Amino acid sequence: QVRLVESGGGLVQAGGSLRLSCAASGRTFSTYNMGWFRQAPGKEREFVAGIRRFGSTNYADSVKGRFTISRDNAKNILYLQMNELKPEDTSVYYCAAGPYGDNSAEAYDYWGQGTQVTVSS
């Protein structure tokens, strides 16, 4: 019912910045809570940041002060601005949509295909 496509990943030096985008289609974007998750080799998929339908945000402790989640409901796009990137941020990043805006992957019904972020040391 909802199609999510991430973009903006790539290779960046430690301390640099990237901006990820997630384009949504299929349903009214503004009715969903949105989140960013990441999954690195050898680790479970983990919550990164979430934004509720009206703009309230929350972040994992590991990215607080460095990452900013935002949404443009008019354009149906979710963003993740990532600053001061660290090698440990290297992961595949996924956007997700769901009704609850929780930090658990089980709370989200729709997922993008993921975009690779690699931070060099």
Side-chain angles (χ1 to χ4, degrees):
Q1 293 181 325
V2 175
R3 181 171 178 263
L4 304 173
V5 180
E6 302 96 334
S7 61
L11 175 64
V12 65
Q13 292 181 327
S17 298
L18 283 174
R19 190 191 195 194
L20 305 183
S21 299
C22 173
S25 63
R27 295 287 298 274
T28 303
F29 178 75
S30 62
T31 66
Y32 288 93
N33 300 301
M34 303 294 296
W36 287 99
F37 291 76
R38 65 187 182 187
Q39 188 166 17
K43 292 190 175 183
E44 299 294 320
R45 187 169 297 188
E46 64 175 340
F47 171 79
V48 176
I51 184 166
R52 296 182 173 87
R53 61 194 70 188
F54 299 122
S56 178
T57 61
N58 64 304
Y59 298 90
D61 288 342
S62 59
V63 306
K64 284 182 179 178
R66 299 188 298 121
F67 291 9
T68 302
I69 187 171
S70 62
R71 64 193 297 163
D72 187 335
N73 289 338
K75 297 181 179 179
N76 289 352
I77 300 176
L78 175 73
Y79 299 102
L80 184 67
Q81 178 67 46
M82 304 185 294
N83 299 324
E84 298 296 328
L85 283 161
K86 304 174 181 179
E88 54 261 43
D89 295 318
T90 295
S91 189
V92 177
Y93 284 72
Y94 300 87
C95 66
Y100 305 118
D102 204 354
N103 63 352
S104 171
E106 285 74 19
Y108 295 87
D109 299 320
Y110 306 101
W111 295 84
Q113 84 289 348
T115 186
Q116 176 70 48
V117 172
T118 302
V119 184
S120 64
S121 60

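Owing to the predicted nature of the structure, the values given are computational and were not obtained by experimental measurement. Hydrogens, waters and symmetry mates are skipped; everything else that's a heavy atom, side chains included, is used.
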For a quick test of your reading: what N or O donor-acceptor pairs under 3.5 Å do the side chains of residues 5-15 make, sequence neighbours left out?
from : atom 1 : to     : atom 2 : distance (Å)
Glu6 : OE1    : Gln113 : N      : 2.9
Glu6 : OE1    : Gln113 : NE2    : 3.4
Glu6 : OE1    : Gly114 : N      : 2.8
Glu6 : OE2    : Cys95  : N      : 2.8
Glu6 : OE2    : Gly114 : N      : 3.2

Is the backbone of Thr90 close enough, under 3.5 Å, to the side chain of Thr118 for a donor and an acceptor to pair up by distance?
no
List the steps and the verdict of side-chain contact (heavy atoms from CB on, under 4.5 Å) for Glu46 and Arg38.
CA-CA 5 Å; Glu46 64 175 340; Arg38 65 187 182 187; 2.8 Å; yes
Tightest non-hydrogen contact, residues Ser91 and Ala40, listed as OG-N, 3.1 Å
Do side-chain atoms of Arg71 reach the backbone of Arg52 as a donor and acceptor pair under 3.5 angstrom?
yes
For the hydrophobic clusters of this structure (ILVMFWY residues joined by side-chain heavy atoms under 4.5 Å, transitively), does one cluster hold both Val2 and Tyr79?
no
Heavy atoms of Tyr108 and Gly35 approach each other most closely as CE2-N, 3.7 Å
Heavy-atom pair with the smallest gap, counting every atom of Ser70 and Leu78:
O-CD1, 3.3 Å
With hydrophobic residues grouped by side-chain heavy-atom distances under 4.5 Å, do Val119 and Tyr59 end up in a single group?
yes
For Trp36 versus Ile69, what's the shortest heavy-atom pair and its separation?
CD1-CD1, 3.5 Å
Shortest non-hydrogen contact from Val117 toward Leu20:
CG2-CD2, 3.9 Å
OG-CG distance between Ser21 and Leu80, expressed to the nearest 0.5 angstrom
9.5 Å
Taking only residues two or more places apart in sequence, or in another chain, which ones meet Glu88 in a salt bridge (charged side-chain N to carboxylate O under 4.0 Å, His left out)?
none
Does the Trp111 side chain pair with the main chain of Leu4, one donor and one acceptor, at a distance under 3.5 Å?
no
Sidechain N-carboxylate O distance under 4.0 Å for Lys86, Asp89:
no
Using the rule that Ile, Leu, Val, Met, Phe, Trp and Tyr join whenever any side-chain heavy atoms are under 4.5 Å apart, tell me whether Ile77 and Tyr32 fall into a single cluster.
no
Could you walk me through whether Leu85 and Phe67 pass the side-chain contact (heavy atoms from CB on, under 4.5 Å) check?
CA-CA 9 Å; Leu85 283 161; Phe67 291 9; 3.8 Å; yes
How long is the gap from CG on Asn73 to CD1 on Ile51, to the nearest 0.5 Å?
8.0 Å
Is it the case that the side chain of Arg53 and the backbone of Thr31 share a donor-acceptor pair, with hydrogens and angles ignored and the cut-off at 3.5 Å?
yes
Heavy atoms only: give me the nearest Tyr94-Gly112 pair and the separation to one decimal.
CD2-O, 3.6 Å
